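Before any comments, here is the structure.
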Amino acid sequence: MATCEINDCIRENLLAAGCSEEMIGKFAKGEDIEMQIKILSNYRKKLLDTIHEEQSKLDCLDYLIFTLKKEEQL
């Protein structure tokens with residue numbers, strides 16, 4: 001991203017982070033930097049919650065795989 005405008009760079013970054021067009025619009029309309037940071041922080045929390053939910057599912061599968069392998073060895 002050598003010489004893109006800051007707005008284009010921010011938009012590209014938000015899209016790469018998985019932000020919806022609606023969220024990008026809210027971010028762009030943010031009254032000040034504090035409001036924009038709040039919007040990004042809320043989205044970050046949402047993403048982290050999703051990661052934790054998915055990790056919990058992986059943990060369940062890992063436990064089931066472990067249990068099945070252990071039974072197979074008996």
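Not measured: the values here are computed from a predicted model.
Using a 4.5 Å heavy-atom cutoff, the side chains of L15 and R11 are in contact.
Open room surrounds CD on E22; 12 or fewer heavy atoms of other groups in view lie less than 6.0 Å from it. At most 12 heavy atoms of other shown residues, nucleotides or ligands fall within 6.0 angstrom of atom CD1 in I33.
Going from atom OG of S56 over to atom CD1 of I51 covers 13.5 Å, rounded to the nearest 0.5 Å. The distance from the CZ atom of F27 to the NZ atom of K38 is 15.0 Å, given to the nearest 0.5 Å. Separation of atoms CD1 (I24) and OG (S20) is listed at 7.0 Å; rounding is to 0.5 Å. Taking CG from L14 and CG from L40, the interatomic distance works out to 6.0 Å, rounded to the nearest 0.5 Å. Residue L64 holds its CG atom at 4.5 Å from CG of L68, rounded to the nearest 0.5 Å.
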Residues D32, Q36; criterion side-chain hydrogen bond (donor to acceptor under 3.5 Å, both in side chains); working and verdict: CA-CA 6 Å; D32 55 24; Q36 290 176 328; over 6 Å; no
side-chain contact (heavy atoms from CB on, under 4.5 Å) between D49 and K45, worked out: CA-CA 6 Å; D49 288 344; K45 183 185 179 315; 3.0 Å; yes
Stepwise salt bridge (charged side-chain N to carboxylate O under 4.0 Å, His left out) test for E72 and K69: CA-CA 5 Å; E72 184 180 53; K69 284 182 177 181; over 6 Å; no
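Cluster annotation: L47 is not connected to I37 through the hydrophobic network of ILVMFWY side chains, with a link wherever side-chain heavy atoms come within less than 4.5 Å.
Using modelled atom types, one side-chain atom of Y43 and one backbone atom of A17 make a donor-acceptor pair closer than 3.5 Å.
The two residues K26 and I39 come nearest to each other via the heavy atoms O-CD1, 3.6 Å.
Of the candidates E54, E53, Q55, K57 forms a side-chain hydrogen bond (donor to acceptor under 3.5 Å, both in side chains) with just one, namely E54.
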